[in-house]
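Single-structure report; data block below.
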Amino acid sequence: MYQLGLIGYPIGHSLSPWIHEHFLKKANLKGTYSIMEIAPEANFSVEMERLKQKGMNGFNITVPYKQTIIPYLDHLDDNAQNIGAVNTVVNKDGKWIGYNTDGIGYLRSLEGAYPELFANKPQRRVLLLGAGGAARGIYYALVTSGFTHVDIANRTVNGALAIAELKAESTQSAVLSLQEAEKNLASYDLIIQTTSVGMKPHIDQAIISLDHLKHTSIVSDIVYQPLETAFLKEAQNLGARVHFGHTMLLYQAQYAFEIWTNQQVSLGDMDDQLKSILEGR
């Protein structure tokens with residue numbers, strides 16, 4: 001009987017229970033996935049002690065606790081160590097082991113949609129927009145999987161420079177302003193929007209203009225509320241291919257489920273089901 005769950009705040013509308021209950025059913029496993037909100041004013045140490053007493057098999061962590069959780073863990077895998085954030089914990093013989101499934105989940109979702117992009121990774125030019133936690137995880141996954149040219153554009157240079165320090169020996173990474181990125185869009189095969197710009201209720205906002213986009217590019221946005229952001233709409237209007245953010249949600253959850261259960265479940269039609277749920281919100 002698996003005991004799984006999610007900590008964060010606010011998380012009352014999280015789709016993680018829906019996703020993991022489907023995974024449990026697909027894997028023919030019995031278990032529960034519960035929401036455990038921890039308000040910012042709560043004593044986090046006390047809450048962690050309570051959680052340890054429950055003896056859960058594993059849990060996810062979302063904002064604002066992806067860094068806060070780290071001192072309470074017994075070990076970090078290399079991915080989480082380098083990214084500096086944890087979104088998944090597994091209980092192994094009473095020890096809490098921290099992982100980060102965001103970047104790997106993102107790459108799985110991208111490869112599922114556009115496998116041809118991965119056929120010649122060293123030749124692909126990638127632009128990452130934003131320098132927050134999501135950008136850090138995605139950047140690390142890109143450069144460790146064989147993408148060798150990944151530039152980062154952000155409003156402030158320092159955040160982007162900190163991410164570029166994660167690059168592999170073979171990686172070329174330029175740090176750009178958003179204005180420079182706009183002017184040079186035609187040189188990129190993949191553009192990834194990693195910030196919250198365009199999220200509900202600010203659905204008309206976009207981080208940059210795509211006027212200089214080449215029509216063969218793939219444009220990706222990790223925002224999934226709304227499903228089709230202003231950024232993706234503009235890309236489609238210019239003839240580019242797009243990649244929706246809700247698929248990252250599914251694939252990072254799939255990887256977390258593997259960590260907990262050692263079972264890989266297929267997503268089947270969960271992509272379409274989740275899309276329908278989000279469109280109805």
Side-chain angles (χ1 to χ4, degrees), residues 15-16 19-20 22-23 26-27 60 77-80 82-83 87-88 99-130 133-152 163 166-168 170-173 187-194 213-224 227-229 231-232 235-236 240-259 261-275 278:
L15 289 160
S16 292
I19 293 170
H20 286 288
H22 273 67
F23 288 167
K26 283 173 175 281
N60 292 126
D77 92 317
D78 289 344
N79 197 41
N82 285 298
I83 294 168
N87 78 336
T88 300
Y99 294 81
N100 191 306
T101 69
D102 284 335
I104 293 169
Y106 176 81
L107 279 198
R108 284 187 181 183
S109 72
L110 185 65
E111 188 168 15
Y114 297 106
E116 69 279 7
L117 188 66
F118 288 70
N120 196 6
K121 289 185 281 189
Q123 303 305 314
R124 307 297 187 186
R125 290 176 59 93
V126 183
L127 174 65
L128 210 57
L129 298 171
R136 192 173 177 88
I138 291 170
Y139 178 88
Y140 188 71
L142 286 166
V143 301
T144 53
S145 73
F147 287 90
T148 57
H149 194 120
V150 186
D151 293 344
I152 310 160
I163 291 177
L166 293 172
K167 66 184 181 180
S170 58
T171 311
Q172 297 177 48
S173 286
S187 64
Y188 296 102
D189 304 297
L190 171 64
I191 296 142
I192 309 168
Q193 200 296 111
T194 70
L213 182 74
K214 62 180 179 182
H215 73 276
T216 54
S217 294
I218 295 167
V219 178
S220 178
D221 196 332
I222 70 165
V223 169
Y224 57 85
L227 197 68
E228 190 174 36
T229 60
F231 190 67
L232 292 183
Q236 286 180 309
R241 295 167 292 170
V242 299
H243 176 243
F244 295 98
H246 73 290
T247 58
M248 174 183 172
L249 187 67
L250 284 171
Y251 280 94
Q252 65 84 15
Q254 180 195 51
Y255 182 35
F257 191 80
E258 285 173 36
I259 292 168
T261 67
N262 292 314
Q263 292 200 42
Q264 183 170 0
V265 292
S266 65
L267 296 179
D269 64 349
M270 286 179 68
D271 183 338
D272 291 333
Q273 288 185 58
L274 181 56
K275 194 173 178 181
L278 291 167

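The first residue of the sequence shown is numbered 1, and numbering continues consecutively from there.
Nearest heavy-atom pair across Q254 and S266 is NE2-CA, 4.4 Å. In this structure, T144 and Y140 approach most closely via the heavy-atom pair OG1-O, 2.6 Å. R241 approaches Y114 most closely through the heavy-atom pair CB-OH, 3.4 Å. Across all non-hydrogen atoms, the minimal contact from V219 to L232 is O-CD2, 3.5 Å. For the pair V150 and S173, the tightest heavy-atom approach, listed with the atom from each and the gap, is O-OG, 2.6 Å. Looking at every heavy atom in both residues, R136 comes nearest to N82 through NH2-O, 3.4 Å.
Taken to the nearest 0.5 Å, the CG atom of D189 stands 11.0 Å off from the CG atom of L127. Remark: Y224 OH to T247 OG1 distance equals 11.5 Å, nearest 0.5 Å. Rounded to the nearest 0.5 angstrom, L274 CG and L250 CG are separated by 5.0 Å. Here the OH atom belonging to Y255 is positioned 11.0 Å from the CD atom belonging to Q264, to the nearest 0.5 angstrom.
Note on ring orientation: taking the six-membered ring where Trp is involved, the planes of H20 and F23 are perpendicular (angle over 60°, cut-offs 30° and 60°).
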Residue pair D271, F244: steps toward the side-chain contact (heavy atoms from CB on, under 4.5 Å) verdict: CA-CA 10 Å; D271 183 338; F244 295 98; over 6 Å; no
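Proximity of a side-chain donor or acceptor of N87 to a complementary backbone N or O of T101 within less than 3.5 Å is detected. Between the side chain of Q252 and the backbone N or O of G103, no donor-acceptor pair lies under 3.5 Å. Looking at D77, its side chain never comes within 3.5 Å of a backbone N or O of Y99 through a donor-acceptor pair. A donor-acceptor contact shorter than 3.5 Å is absent between the side chain of T194 and the backbone of I222.
The salt bridge (charged side-chain N to carboxylate O under 4.0 Å, His left out) contacts involving residues 117-127 comprise nothing, where partners must be two or more places apart or lie in separate chains.
Inter-residue side-chain proximity for L107 and L142 is flagged as met; some heavy-atom pair is nearer than 4.5 Å. Looking only at side-chain heavy atoms (C-beta outward), L110 and Y251 stay at 4.5 Å or farther from each other. Counting heavy atoms from C-beta on, the side chains of P122 and N120 come closer than 4.5 Å. No side-chain heavy atom of V223 sits less than 4.5 Å from a side-chain heavy atom of F231. Looking at heavy atoms from C-beta onward, T148 lies out of side-chain contact with T171 at the 4.5 angstrom threshold.
D151 and Y188 share a donor-acceptor pair across their side chains, judged by distance under 3.5 Å alone. Side-chain contact check for S220 and Y106: at least one donor-acceptor pair (N or O, by modelled atom type) lies under 3.5 Å.
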